[in-house]
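Input: a single structure, listed below in structure tokens.
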There are 2 protein chains.
Amino acid sequence: MTHQTVGHPPGLPDDPRAHVTEPTPSCPVEITLEALRGRWTTLVIRELLQGERTYTDLRQALPALSDKVLSDRLAHLARSNVVHRERHPGWPPRTHYTLTPQGHRLAPVLQALWDWASDNHQPPNPPHRTDQRT
Amino acid sequence: MTHQTVGHPPGLPDDPRAHVTEPTPSCPVEITLEALRGRWTTLVIRELLQGERTYTDLRQALPALSDKVLSDRLAHLARSNVVHRERHPGWPPRTHYTLTPQGHRLAPVLQALWDWASDNHQPPNPPHRTDQRT
DNA sequence: CTGAATCCCTGCCGATACTG
DNA sequence: CAGTATCGGCAGGGATTCAG
């Protein structure tokens with residue numbers, strides 16, 4: 001039958017979530033994509049993979065990222081148990097962000113994402129141009 | 001060195017794209033996420049990982065997916081060189097979709113996405129409720 | 001310094017209807 | 001059968017402003 005595709009690594013074979021017929025929050029793939037969702041998210045994670053960062057550190061590392069979106073991303077990543085927020089009392093106020101253990105475990109995921117496109121020497125085709133108003 | 005994080009497989013160490021300070025189409029991570037972008041996308045890929053499928057096969061496998069979105073996803077995946085479209089002449093018209101070699105190489109990526117959330121026994125925290133007007 | 005609140009604009013997604 | 005055309009609703013994300 002021509003398709004040995006992927007074999008069946010642990011997790012996939014008879015897990016009911018591998019057979020859902022619509023996008024559902026219980027599917028692990030959806031959960032991870034949800035954690036990574038949003039523009040800038042992976043770049044924030046990349047910074048934190050290098051070690052602890054303060055709010056200002058992140059702003060400086062990603063200058064084009066607005067306060068609102070940075071806050072949103074950090075809040076989202078905190079809710080997803082990817083980052084840990086630690087407020088320091090005193091003045092000036094400082095907040096330190098670090099990856100949780102789960103956050104560190106995103107490294108292989110990002111690596112996989114990197115590798116797929118990196119091994120691809122064939123670039124994507126140009127977009128279809130039906131009407132596309134830029 | 002505090003950051004062996006992921007080791008340094010080919011691609012990451014001194015690649016300039018690993019240091020971009022804003023989301024850019026040249027970053028391999030962005031490219032892959034772009035290929036996977038959109039609701040239903042990963043489910044369509046999952047179906048095709050099992051082998052060739054026709055348009056109708058996909059509709060039946062994912063009943064809640066509308067024609068428009070299915071067409072959109074397939075077109076998008078074709079542009080991303082993930083799927084190959086093969087029209088069969090004659091009547092009734094049949095179109096067969098298969099994964100390209102690059103498409104098959106998404107299997108480890110999806111596996112990584114699956115594994116991350118699958119190994120996570122700690123569920124995400126409930127959303128912050130400040131005022132949220134339903 | 002570290003964020004949260006507001007406003008606006010754009011792009012996605014779903015439903016429906018129509019064509020080769 | 002295999003799509004495309006069109007429309008409407010809604011959520012994402014950027015700029016700016018305000019607060020602890």
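All values below were derived from every heavy atom in this structure, side-chain atoms included, with hydrogens, water molecules and symmetry-related copies excluded. The chains referred to below are lettered A, B, ... by the order of the sequence lines, with proteins before strands, and numbering in each begins at 1. Keep in mind that this is a model prediction, so the values were computed, not measured.
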What is the distance, to the nearest angstrom, from the [atom1] atom on [X] to the [atom2] atom on [N]?
X     : N      : atom1 : atom2 : result
A:L70 : D:dG12 : CG    : P     : 17 Å
A:L62 : D:dG14 : CG    : P     : 12 Å
A:D57 : C:dG3  : CG    : P     : 12 Å
B:L77 : D:dG3  : CG    : C1'   : 16 Å
B:L58 : D:dC1  : CG    : C1'   : 13 Å
B:D67 : C:dC13 : CG    : C1'   : 14 Å
A:L74 : D:dG13 : CG    : P     : 14 Å
A:R53 : C:dC1  : CZ    : P     : 18 Å

For [X] and [Y], indicate whether the former's side chain and the latter's backbone hold a donor-acceptor pair under 3.5 Å.
X      : Y     : answer
B:S80  : B:A35 : no
B:D72  : B:V69 : no
A:T100 : A:V82 : yes

Search all heavy atoms of A:E22 against all heavy atoms of B:L43 and return the closest pair with its distance.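 Shortest heavy-atom contact: C-CD1, 3.4 Å.
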[X], nearest nucleotide to its side chain (from [options]):
X     : options                : value
B:K68 : D:dC7, C:dG3, C:dG20   : D:dC7
B:W91 : C:dG14, D:dT4, C:dG20  : C:dG20
B:R39 : C:dG20, C:dG14, D:dG13 : C:dG14
B:R87 : D:dG3, D:dG14, C:dG20  : D:dG3
A:R73 : D:dG14, D:dG3, D:dG13  : D:dG13
A:S71 : D:dA15, D:dC1, C:dG3   : C:dG3

Starting from the 5' end of DNA chain C, give me the residue, A:D72 or A:P93, whose nearest nucleotide shows up first.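 Closest to the 5' end, via its nearest nucleotide, is A:P93.
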I want to confirm an ordering. Mapping A:P23 and A:R59 to their closest nucleotides on DNA chain C, which one lands closer to the 5' end?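 It is A:R59 whose nearest nucleotide is closer to the 5' end.
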Position toward the 5' end of DNA chain D (nearest nucleotide), A:A64 or B:R94: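 So the residue in question is B:R94.
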Closest-nucleotide mapping onto DNA chain D: is B:Y97 or A:W40 further toward the 5' terminus? I mean the 5' end.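 Its nucleotide being nearer the 5' end, the pick is B:Y97.
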Taking atom types as modelled, is there a side-chain donor on B:D115 or B:S118 under 3.5 Å from an acceptor on the other?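 B:S118 and B:D115 do not have a side-chain donor-acceptor pair below 3.5 Å.
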Check the phosphate of C:dC1 against A:T95, side-chain N and O only, distance under 4.0 Å to OP1 or OP2. Yes or no?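 It does not, given that no N or O in the side chain of A:T95 lies less than 4.0 Å from OP1 or OP2 of C:dC1.
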Using a cut-off of less than 4.0 Å, is there contact between a side-chain N or O of A:R37 and OP1 or OP2 of D:dA11?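 No, A:R37 has no side-chain N/O under 4.0 Å of OP1/OP2 on D:dA11.
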